[in-house]
Visitor: 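Here you go, one structure.
From a predicted model like this one, the values you see are computed outputs, not experimental measurements. Naming: A, B, ... by sequence-line order, numbering from 1 per chain.
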Amino acid sequence: MSIERYNAGPVETRWQAAWNERDAFATPDDNSRPPYYVLEMFPYPSGNIHMGHVRNYTMGDVLARYKRAKGFAVLHPMGWDAFGMPAENAAMDRGVHPAKWTYANIDTMRRQLKAMGLSLDWSREFATCDPSYYRHEQEMFIDFMAAGLVDRRVSMVNWDPVDHTVLANEQVIDGKGWRSGAPVEKRELAQWFMRITDYAQDLLDALDTLENWPEKVRLMQRNWIGRSEGMRFTFDLVDDKGRAVEDGLTVYTTRHDTIFGASFCAIAADHPLARQLADTNPALAKFRREVAALGTSEEAIERAEKHGVPTGLYAIHPFRPDVRLPVYAANFVLMGYGEGAIFGCPAHDQRDLDFARKYGLSVTPVVAPANVDPSGFSVGDEAYLEKDGTAVRMINSDFLDSLSVEEAKDEIARRMEASGIGERRVNFRLRDWGVSRQRYWGCPIPVIHCQTCGAVPVPKQDLPVTLPDDVTFDQPGNPLDRHPTWKHVDCPSCGAKALRETDTFDTFIDSSWYFARFCSPHADTPVDLAAADRFLPVDQYIGGIEHAILHLLYSRFFMRAMKKTGHANIDEPFASLFTQGMVIHETFRKKSGEWVEPGYAVQRDGEWVHKDSGEALTLGPAEKMSKSKKNVVDPEAIIAQYGADTARWFMLSDTPPERDIEWTESGIDGAWRFVQRLWRLVHQVTGFGAGDEKPAAFGQEATELRRVVHKALRNVGEDIEKLRFNRAIAHIYESANALSAALPDKVAPAPDLIWAAREATAMIIQMAAPMMPHFAEECWRLLGNEELVAFTAWPDYDQALLVEDTILLPVQVNGKKRDELVIARDAATGEIEKAALALDGVVRALAGSPVRKVIVVPGRIVNVVA
RNA sequence: GCGGACGUGAUGGAAUUGGUAGACAUACCGGACUUAAAAUCCGGAGGCGUUAGCCGUGCGGGUUCGAGUCCCGCCGUCCGCACCA
């Protein structure tokens, strides 16, 4: 008998049509089933889906299909994070309108996602650039304004002086604009801010409740919020002639215990004092320009070599009036943190130490190990950072000497508070969320600026404020701002001529509530509370680790803001979070450094060469797929060649989902071979004819097969629940291997074995169905089932089959395995000890030494200690 | 610079969370089938050693009857850093 090979293309099209006809993945309305909300981070419509999407959406789809089979009313929606810079770049580069470009990309990507066979409720689809979506965003912003959640204030942006445009950090390369190549300048701009810092403590505290989030993400958020307990206090200032300077210098520190080790003060380049002094101090003015050229990215600022200039001012030590600390403007002090000013204690802070060494400032240790002689303790090129408990004590610190760090902090705080020069203060690293963008392709900020009334929200009945279509991208800058008519409106409050806000929202706002909108995508209000109460929070959220901080933190804040304004009833949007790894692929380069597509690399005599030219190539590390490195694999081509099921199967196999997966030819081939092998197995089993009654008893072979498959069924269920897809797949392989092994090629098997094989086949297909749904439907039909496997309940395993009467116990002597013991599962400890000591391997290893004790871990291991 | 993660055969990884290291897969080797190849099926396989055994989870120490797993210190690779999404 020869079986035709499984031909994925037509089969997949056919079952997709069948699901479509039955509306199989519409979210059920009935409340008889428990709700379950699976969500993958929605894509930016960049043009085509990439392998990262395939991986992300396959994982969510497996969970959605599994949960449906387990009886849940599953919400599994899809939409588009459709505003953003790439659309404007396309407009500038190719003259295509951002809306046209975006919607065309959405059409392409929707088709590609459909080809993957994802079990999505497409009736809920929306794009964030649809006015029907962003009008609600505008409405909520107006409510946020009324609730005091929004501020308008001045902040810094990267300014390209040639293109006259604001640059994103990623558009600043080595301090220069990416298009113009001109050195960037920092500029102040009035912008809208969301008061996320009002929630800093709550966002921090609530992390403890997010037990189903990866610990590393919670830790990253904790550090990002960066709560610290310290002191804010003010130094008196004098100039170089010893004359008092008004106002003094207010600093924030968490190490007030080290005040006697202070050897300088430093202020940010943007500190008001630095600005003021720069007028008369050319060196300082030059320094400020240099710092401005670094742009606004914290990374660039902190990576820059420590560098500063004297301001000519001196701070008077609060406890030693004769000590004057020089005040520098320094490039490592950030205006956005604390007071934008610090005192430097070089002995106990690495940055301060580097700075002090560079400018020849004194380094006095004030904290030392408790067990060393203070006079002999000094600090070289490494700061002494220890500060905990009784292991350290204060030295060289006047009234603080011999105290612990904590005691010293308390004492300083007490004295400063008593004298009124400072107070204890909790500070957060988290800054308020600037949401203004000087761009066209984003949600218009629904505000009108009036000469007399100030910033007035657009009346709700006038929403949405839509983007004008007739814009040009032939020059840089914001097309909304230079549009001839759009911004000219009457003030809604006084009726005078006024101007629309021409900034648009940060696209992070769009993605901060889309998951809530999916619960009721057609509602007249932003969210229908009944629908949201049913499905929120998202039960399982899946996406890339690159969103670990910003997107997830903004969404957490937004949910709270929505609650405050009556648009939600909960605080936390995502009950469980899973962060999947990237898809990577090997890279090849020519000697010249030019990247070569892996498809052109072949091995000849052990060396990699170009297939056509024979030019020598070097194999680089596997890296994230990117066009620039020419190592992308197109999902559409893979699906056309192998089918969606094979691509999905490969994406789930072998590599743990949270880790980076390497795309390999052999891997996708292996997945494809397994599909074919299962296909043959199914035919072999259906060849035995229709099913019989379940046999009263099973022989050893049949029992063994059933044991493997039922165990796999239990494990696959547990693994899918925990998103350990690679392990689930290994268990499916084990079942298929056991089934192959049980089926003799020539002889007809006994009826009990046929029955067991039929059961095993059905279970394997059901276990594999969430991963390769089209193939499973095809096989399910072949096995004689009328109903779709998509509508079939997940099978139950037989607990009795999982318990074995005898077990295999490894036996160690002094921790090294020497033998194995086959013994009854419920054997008594004494019996196990006795049997273990009698084993050949144990006797040999003991070589007559007396046994000191025997450790028996029931069901696990025996260790004989000699 | 700051913050976070990861490191196990030739390769991706598994290891019941402190209890037999290498499940499952890929690549490879051998055999069957074939004129041949592909496909398929069967078998092999961490390293050294004939067996007994010794060594082995990036490196160095430690805790423990027992460490891939816990602790301390190194080394290496990757990710995020607030206007990319």
Visitor: Can you tell me, in whole Å, how much space there is between the P of B/rC59 and that of B/rU64?
Guide: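 Looking at atom P only, B/rC59 and B/rU64 are 23 Å apart.
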Visitor: Let me know the distance between OH of A/Y44 and P of B/rC84, rounded to the nearest Å.
Guide: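 Spelled out: OH on A/Y44 to P on B/rC84 is 13 Å.
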Visitor: Of the nucleotides B/rA25, B/rC65, B/rC84, which has the atom closest to the A/N863 side chain?
Guide: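 So the side chain of A/N863 is nearest to B/rC65.
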Visitor: What contact category does A/D669 fall into here, base, sugar-phosphate, or nothing, at under 4.0 angstrom with non-hydrogen atoms?
Guide: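 Result for A/D669 = nothing.
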Visitor: Out of B/rU20, B/rA85, B/rC83, which nucleotide sits closest to the side chain of A/I861?
Guide: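 Nearest to the side-chain atoms of A/I861, counting from C-beta on, is B/rU20.
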Visitor: Using atom C1' of each nucleotide, how far apart are B/rC55 and B/rG44 to the nearest Å?
Guide: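 It works out to 22 Å between them.
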Visitor: Can you say whether the rings of A/F355 and A/F332 are parallel (under 30°), tilted (30 to 60°) or perpendicular (over 60°)?
Guide: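 Correct class here is perpendicular.
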Visitor: Sub-3.5 Å donor-acceptor pair from the side chain of A/Q221 to the main-chain atoms of A/R218, do we have one?
Guide: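 A pair under 3.5 Å: no.
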Visitor: For A/R218, report the nucleic acid contact type (base, sugar-phosphate, nothing); a contact means any heavy atom under 4.0 Å.
Guide: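 Nothing, no heavy atom under 4.0 Å.
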Visitor: Heavy atoms from C-beta onward define the side chain here; which of B/rC79, B/rU17, B/rU20 lies closest to that of A/I545?
Guide: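 Looking only at side-chain atoms, A/I545 lies closest to B/rC79.
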Visitor: Looking only at the side chains, is there a donor atom on one of A/N89 and A/R179 sitting less than 3.5 Å from an acceptor on the other?
Guide: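 Yes, A/R179 and A/N89 have a side-chain donor paired with an acceptor closer than 3.5 Å.
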Visitor: So, OP1 or OP2 of B/rA82: does either fall under 4.0 Å of a side-chain N or O from A/N169?
Guide: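 The answer is yes; a side-chain N or O of A/N169 sits under 4.0 Å from OP1 or OP2.
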Visitor: Of all the choices, B/rU40, B/rC24, B/rU20, which nucleotide is nearest to the side chain of A/K817 once you look at every atom?
Guide: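 It is B/rU20.
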Visitor: Given the structure, check if the side chain of A/E546 and the base of B/rC81 hold any donor-acceptor pair shorter than 3.5 Å.
Guide: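 Flag unset: no donor-acceptor pair detected.
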Visitor: Looking only at atom C1', what distance separates B/rU34 and B/rU20, rounded to whole Å?
Guide: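 Taking atom C1' in both B/rU34 and B/rU20, they lie 43 Å apart.
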Visitor: Base, sugar-phosphate, or nothing: which does A/P43 touch, judged by heavy atoms less than 4.0 Å apart?
Guide: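 The answer is nothing, as A/P43 stays clear of every strand by at least 4.0 Å.
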Visitor: Sticking with atom P, work out how far B/rG47 lies from B/rA10, rounded to a whole angstrom.
Guide: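 Roughly 7 Å separates the two P atoms.
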Visitor: Which part of the nucleic acid does A/G84 contact within heavy-atom distance under 4.0 Å: base, sugar-phosphate only, or nothing?
Guide: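 Touches sugar-phosphate only.
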Visitor: Scan A/Q676 against the nucleic acid and name what it touches under 4.0 Å (heavy atoms): base, sugar-phosphate only, or nothing.
Guide: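 The answer is nothing, as A/Q676 stays clear of every strand by at least 4.0 Å.
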Visitor: Can you tell me the Watson-Crick or wobble partner of B/rC74, both distances under 3.5 angstrom?
Guide: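 B/rG58 is the nucleotide pairing with B/rC74.
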Visitor: Taking B/rG66 as the reference, what is the distance to B/rU17 when you measure between their C1' atoms (whole Å, please)?
Guide: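 The same atom, C1', in both gives a distance of 15 Å.
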Visitor: Taking CG from A/L577 and C1' from B/rG4, how many angstroms apart are they, rounded to a whole number?
Guide: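 Interatomic distance, CG of A/L577 to C1' of B/rG4: 15 Å.
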Visitor: Does this structure show an ion pair linking A/D432 with A/R153, if we count only N-O contacts that are shorter than 4.0 Å?
Guide: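 Yes, charged N to carboxylate O under 4.0 Å.
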Visitor: Let's test this: given Watson-Crick or G-U wobble pairing with both distances under 3.5 Å, identify the partner of B/rG68.
Guide: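 Its partner: none found.
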Visitor: Looking only at the side chain of A/L430 (C-beta and beyond, no hydrogens), which of the listed nucleotides B/rA39, B/rC55, B/rA82 gets closest?
Guide: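 Comparing B/rA39, B/rC55, B/rA82 against the side chain of A/L430, the answer is B/rA82.
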Visitor: Looking at A/F193 versus A/W433, is the centre-to-centre ring distance below 6.0 Å?
Guide: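 No, too far apart.
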Visitor: Say whether A/N427 and A/S228, considering side chains only, have a donor N or O and an acceptor N or O under 3.5 Å apart.
Guide: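 There is no such pair between these side chains.
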Visitor: Take atom C1' in B/rA82 and the same atom in B/rA27, then report the distance between them in whole Å.
Guide: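 Going atom to atom, C1' in each nucleotide, I get 45 Å.
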Visitor: Report yes if a donor N or O on one partner sits less than 3.5 Å from an acceptor N or O on the other, where the partners are the side chain of A/Q812 and the base of B/rC65; otherwise report no.
Guide: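 No, the side chain and the base share no sub-3.5 Å donor-acceptor pair.
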Visitor: Can you tell me the pairing partner of B/rG1 across any strand shown, Watson-Crick or G-U wobble, with both distances under 3.5 angstrom?
Guide: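 Partner of B/rG1: B/rC81.
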Visitor: Using the closest heavy atom to pick a nucleotide of RNA chain B for each, name whichever of A/R844 or A/R303 lands nearer the 5' end.
Guide: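 Counting from the 5' end, the first nearest nucleotide belongs to A/R303.
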Visitor: For the base of B/rC81, is there a side-chain donor-acceptor partner from A/E299 under 3.5 Å away?
Guide: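 Side chain to base: pair found, below 3.5 Å.
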Visitor: Specify the residue among A/E302 and A/L219 whose closest nucleotide of RNA chain B lies further upstream toward the 5′ end.
Guide: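 It is A/E302, whose closest nucleotide lies nearer the 5' terminus.
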Visitor: Between A/N89 and B/rC84, is there a contact of a side-chain N or O with OP1 or OP2 at under 4.0 Å?
Guide: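 The answer is no; no side-chain N or O of A/N89 sits under 4.0 Å from OP1 or OP2.
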Visitor: Just the rounded figure in Å: distance from C1' of B/rC79 to CE of A/M220.
Guide: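 It works out to 8 Å between those atoms.
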Visitor: Starting at CD1 of A/I509 and ending at C1' of B/rC83, how long is that distance when rounded to a whole Å?
Guide: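 Interatomic distance, CD1 of A/I509 to C1' of B/rC83: 12 Å.
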Visitor: When we call it a touch if two heavy atoms are under 4.0 Å apart, what does A/V172 touch: a base, just sugar-phosphate, or nothing?
Guide: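 Nothing: the residue A/V172, judged by heavy atoms under 4.0 Å, touches no strand.
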Visitor: Determine the sole option in A/W513, A/Y554, A/F558 for which the ring-ring contact (aromatic ring centres under 6.0 Å, His included) test with A/F508 is passed.
Guide: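 Answer after filtering A/W513, A/Y554, A/F558: A/Y554.
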Visitor: Just call it for A/R439: base, sugar-phosphate, or nothing, with non-hydrogen atoms closer than 4.0 Å on any strand.
Guide: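 If one applies the 4.0 Å heavy-atom cut-off, A/R439 turns out to touch a base.
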Visitor: Give one of base, sugar-phosphate or nothing for A/V857, where a contact means two heavy atoms less than 4.0 Å apart.
Guide: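 Base contact.
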Visitor: Can you tell me the Watson-Crick or wobble partner of B/rU16, both distances under 3.5 angstrom?
Guide: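 Per the H-bond distance test, none.
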Visitor: Within 45° of the ring axis of A/W679 and under 6.0 Å from its six-membered ring centre, is that where the NZ or CZ of A/R5 lies?
Guide: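 Cation-pi check for A/R5 and A/W679: fails.
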Visitor: State whether A/R818 places a side-chain N or O below 4.0 Å from either non-bridging phosphate oxygen (OP1 or OP2) of B/rG66.
Guide: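 A/R818 to B/rG66 OP1/OP2: no side-chain N or O under 4.0 Å.
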Visitor: Within less than 4.0 Å of OP1 or OP2 of B/rC2, is there a side-chain N or O belonging to A/R351?
Guide: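 A/R351 to B/rC2 OP1/OP2: no side-chain N or O under 4.0 Å.
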Visitor: In whole Å, what separates the P atom of B/rC71 from that of B/rC81?
Guide: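 Approximately 29 Å lies between the P atom of B/rC71 and that of B/rC81.
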Visitor: Please determine, for the side chain of A/N726, which listed nucleotide (B/rC83, B/rA25, B/rG13) has the closest atom?
Guide: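 Among the listed nucleotides, the one closest to the side chain of A/N726 is B/rG13.
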Visitor: What contact category does A/E820 fall into here, base, sugar-phosphate, or nothing, at under 4.0 angstrom with non-hydrogen atoms?
Guide: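 Since a base atom lies under 4.0 Å of A/E820, the category is base.
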Visitor: Counting Watson-Crick and G-U wobble pairs only, both distances under 3.5 Å, name the nucleotide matched with B/rA38, or none.
Guide: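 By the stated definition (distances under 3.5 Å), nothing pairs with B/rA38.
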Visitor: Base, sugar-phosphate alone, or nothing: which one does A/H731 contact when heavy atoms must sit under 4.0 Å apart?
Guide: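 A/H731: no heavy atom of the nucleic acid under 4.0 Å.
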Visitor: Classify A/V862 by what it touches in the nucleic acid, base, sugar-phosphate, or nothing, heavy-atom distance under 4.0 Å.
Guide: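 No contact.
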Visitor: C1' atom, B/rA37 versus B/rA25: distance in rounded Å?
Guide: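 Per the computed distance, 25 Å lies between those C1' atoms.
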Visitor: Going by the glycosidic torsion and a 90 degree boundary from 0, is the base of B/rU64 oriented syn or anti?
Guide: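 B/rU64: anti glycosidic orientation.
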Visitor: Closest to the A/I549 side chain: B/rU17, B/rA82, B/rG80?
Guide: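 Ranking B/rU17, B/rA82, B/rG80 by closest atom to the A/I549 side chain puts B/rG80 first.
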Visitor: Give a yes or no on whether the backbone of A/N478 and the side-chain of A/R439 come within a donor-acceptor separation of less than 3.5 Å.
Guide: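 The answer is no, because no donor-acceptor pair under 3.5 Å joins these two groups.
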Visitor: Could you tell me whether A/S436 contacts a base, only the sugar-phosphate backbone, or nothing, with contacts defined as non-hydrogen atoms closer than 4.0 Å?
Guide: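 The residue A/S436 makes base contact.
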Visitor: Could you tell me whether A/F332 contacts a base, only the sugar-phosphate backbone, or nothing, with contacts defined as non-hydrogen atoms closer than 4.0 Å?
Guide: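 No contact at all - A/F332 keeps every heavy atom at 4.0 Å or more from the nucleic acid.
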Visitor: A/I729 near the nucleic acid: base, sugar-phosphate alone, or nothing, with a heavy-atom cut-off under 4.0 Å?
Guide: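 Here A/I729 touches no strand at all.
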Visitor: Does A/T507 have a side-chain nitrogen or oxygen under 4.0 Å from the phosphate oxygens OP1 or OP2 of B/rA85?
Guide: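 Yes, such a contact exists.
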Visitor: Tell me which one of A/V811, A/L846, A/V813 satisfies side-chain contact (heavy atoms from CB on, under 4.5 Å) with A/R818.
Guide: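 Only one option passes, and that is A/V813.
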Visitor: Kindly indicate whether the side chain of A/D654 and the base of B/rG12 share any N or O donor-acceptor pair separated by less than 3.5 Å?
Guide: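 Yes.
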Visitor: Please tell me which of the listed nucleotides, B/rA82, B/rA25, B/rG19, lies nearest to the side chain of A/N737?
Guide: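 Nearest to the side chain of A/N737 among the choices is B/rA25.
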Visitor: Report yes if a side-chain nitrogen or oxygen of A/R437 is closer than 4.0 Å to either non-bridging phosphate oxygen (OP1 or OP2) of B/rC83; otherwise report no.
Guide: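 Checking B/rC83 against A/R437, a side-chain N or O does come within under 4.0 Å of OP1 or OP2.
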Visitor: Taking syn as any angle within 90 degrees of 0 and anti as the rest, which one fits B/rG49?
Guide: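 Glycosidic conformation of B/rG49: anti.
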Visitor: Taking a pair as Watson-Crick or G-U wobble with both distances under 3.5 Å, which nucleotide is matched to B/rA21?
Guide: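 Here B/rA21 is not engaged in any pair, so there is no nucleotide opposite it.
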